[in-house]
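See structure below.
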2 protein chains.
Amino acid sequence: MSPHRASLRERKRVAMLEALERAAVELAAEHGYDHVTVEMISEACMTSPRTFYNYLGSKEAAILGPRTPFASPEQVERFVHERGPDVLVDFLSMVIDSLTETPVDRELYQLRQRVIYTTPELSAKRLAIDGELEARYRAVIAERFRAAGRLEATDAQLDDEAHMVIALARGVLTYTAAKWYEPGFDRTVRELIEDSIELVKRVLGDPSEPLD
Amino acid sequence: MSPHRASLRERKRVAMLEALERAAVELAAEHGYDHVTVEMISEACMTSPRTFYNYLGSKEAAILGPRTPFASPEQVERFVHERGPDVLVDFLSMVIDSLTETPVDRELYQLRQRVIYTTPELSAKRLAIDGELEARYRAVIAERFRAAGRLEATDAQLDDEAHMVIALARGVLTYTAAKWYEPGFDRTVRELIEDSIELVKRVLGDPSEPLD
DNA sequence: GCTGGTTCGTGCAGGGTGTGCAGAATTGTA
DNA sequence: TACAATTCTGCACACCCTGCACGAACCAGC
């Protein structure tokens, strides 16, 4: 990125940040979130609690790690003006792209997941974060409808429809994420997505079980 | 419920609980959630902070109010063994029934909603609660599939399908709730639900825009 | 290298939430 | 009324988090 090698300051900063996050996650995995204090974490990294707060802001943040990224403005732009045959597929493509952009430390990630999953308070927080992202994406989808010249519908209707797309995408993504982290995973994300879209259609549109 | 009129203790208890919740919500609506302390709330009800905690357990709980109820065992039982043509419709009926069983103080409810909506921390918490309910309902739906003798599918597949139903229901319910609280609401819940199911089908299954 | 300026880590004081405990106050009952 | 059971309350405490100010570490220019 930068022509010069990162300064000592910068390198120390990154190292400390990583150390604190890792210590937080590992301690929580071992003793349970509630039984880990900020003092313990900072002590493990040979620094002061005050510094911990300067870096992470809260105990929660240390465990949850960096916020899941929103699609970049370029990705959003492309999605909005795209004219694929299926909104859901295009939307999922965008989200998956933005999610797989930055590589993750798989081991730490999985440890995080375990801690989060076994701590109601943290599961709660993550659900909330997802919810926020959904709200933002919802606006993006409605924007795409508008860009496509859907003039027969009111803004409210388009927003409702966007909401449905989000709800569907949510199902697909949860399904996909679950599969992705299963032990013997050996397929591409896109295959998984196609599968789960099929699943949605089956749930909803199975012609052998018509509505009413 | 009980043959005798509630005792003085019981009546005072209920009165205090309501007073504390109302005070919490009203103070938060006026000054903002962060600027209201437990001390303020308890003082407004002429009691001690310690008592507040005995009643509510946390400041959050006071604002959020009673947890949204899960369907009763009987309702769940009925749903599981029902053989309606459409799982989604049956499921939504059950949820709506359980939700509309206990009448709510509409005014306080709306004030709550406003406070929650304008406080990220509280929105987060509510999303989380919804998420928990969804997880439990998901198991119920999978149970129904099993009871219906869906032997061609594995447990995992049924669970995935249940997940999709939840995702869809989520969309429908959000849509419905939004409409329900719009000013000039003059239709039945069931009409709304039918509308939004139509919407889902349109989003997903519009034959004029086939997949691929 | 030395030095001055800047950034960053740290201790301290303090406000807020939430909990265990034990005694005081209130209610139910004989 | 007097006794028993329940509930309220004050107190001490642990923990989370923040503002502030001082001192240490780092960087840049000489």
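Here is the naming used below: chain letters follow the sequence lines, and residue numbers restart at 1 for every chain. As the structure is a computational prediction, the values presented were derived from the model and not from experiment.
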Could you check B/Glu60 against A/Asn54 and say which one's nearest nucleotide on DNA chain C is further toward the 5' end? A/Asn54
Starting from the 5' end of DNA chain C, give me the residue, B/Lys12 or B/Pro49, whose nearest nucleotide shows up first. B/Pro49
Whole angstrom is fine here: how far is it from [atom1] in [X] over to [atom2] in [N]?
{"X": "B/Glu121", "N": "C/dG16", "atom1": "CD", "atom2": "C1'", "answer": "12 Å"}
{"X": "A/Lys59", "N": "C/dG18", "atom1": "NZ", "atom2": "P", "answer": "14 Å"}
{"X": "B/Leu20", "N": "C/dT17", "atom1": "CG", "atom2": "C1'", "answer": "16 Å"}
{"X": "A/Tyr53", "N": "C/dC8", "atom1": "OH", "atom2": "C1'", "answer": "19 Å"}
{"X": "A/Leu17", "N": "C/dC8", "atom1": "CG", "atom2": "P", "answer": "13 Å"}
{"X": "B/Met40", "N": "C/dG15", "atom1": "CE", "atom2": "P", "answer": "16 Å"}
{"X": "A/Glu39", "N": "C/dT10", "atom1": "CD", "atom2": "P", "answer": "14 Å"}

Kindly say if A/Thr51 contacts the phosphate of C/dG9, meaning a side-chain N or O under 4.0 Å from OP1 or OP2.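 For A/Thr51, the contact criterion (side-chain N or O under 4.0 Å from OP1 or OP2 of C/dG9) is not met.
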Heavy-atom check, side chain of [X] versus side chain of [Y], under 4.5 Å:
{"X": "A/Gln157", "Y": "A/Thr154", "value": "yes"}
{"X": "B/Glu21", "Y": "B/Arg112", "value": "yes"}
{"X": "B/Val36", "Y": "B/Ile63", "value": "no"}
{"X": "B/Val95", "Y": "B/Leu133", "value": "no"}

Taking all atoms of both residues into account, what is the closest heavy-atom pair of B/Leu111 and B/Glu26, and its distance?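 Where B/Leu111 meets B/Glu26 most closely, the heavy atoms are CD2-CG, 3.8 Å.
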Nucleotides 2-7 of chain C: which of its N/O atoms have a protein N/O under 3.5 Å away?
unit_1 : atom_1 : unit_2 : atom_2 : d
C/dT7  : O2     : A/Arg9 : NH2    : 3.0

Can you confirm if the NZ or CZ of A/Lys59 lies within 45° of the ring axis of A/Tyr53 and under 6.0 Å from the centre of its six-membered ring?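 Cation-pi check for A/Lys59 and A/Tyr53: fails.
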If we ignore angles and hydrogens, is there a donor and acceptor under 3.5 Å between the side chains of A/Ser58 and A/Glu60? no
Going by distance alone, is a donor N or O of one side chain under 3.5 Å from an acceptor N or O of the other, for A/Thr119 and A/Glu121?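 No, no side-chain donor-acceptor contact under 3.5 Å.
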Checking contacts here: which listed nucleotide (C/dT17, C/dC12, C/dG9) is nearest the side-chain heavy atoms of A/Arg50?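 For A/Arg50, the side-chain atoms sit closest to C/dC12.
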Give B/Phe52 one of three labels, base, sugar-phosphate or nothing, depending on what nucleic acid heavy atoms sit under 4.0 Å from its own. nothing
For DNA chain D, note the earliest and the latest nucleotide, 5' to 3', having some atom under 4.0 Å of a heavy atom belonging to chain B.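 For DNA chain D, the relevant span reads D/dA5 to D/dC11.
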Lys/Arg-Asp/Glu bridge criterion (N-O < 4.0 Å) met for B/Arg144, B/Glu161: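 No, no charged N to carboxylate O under 4.0 Å.
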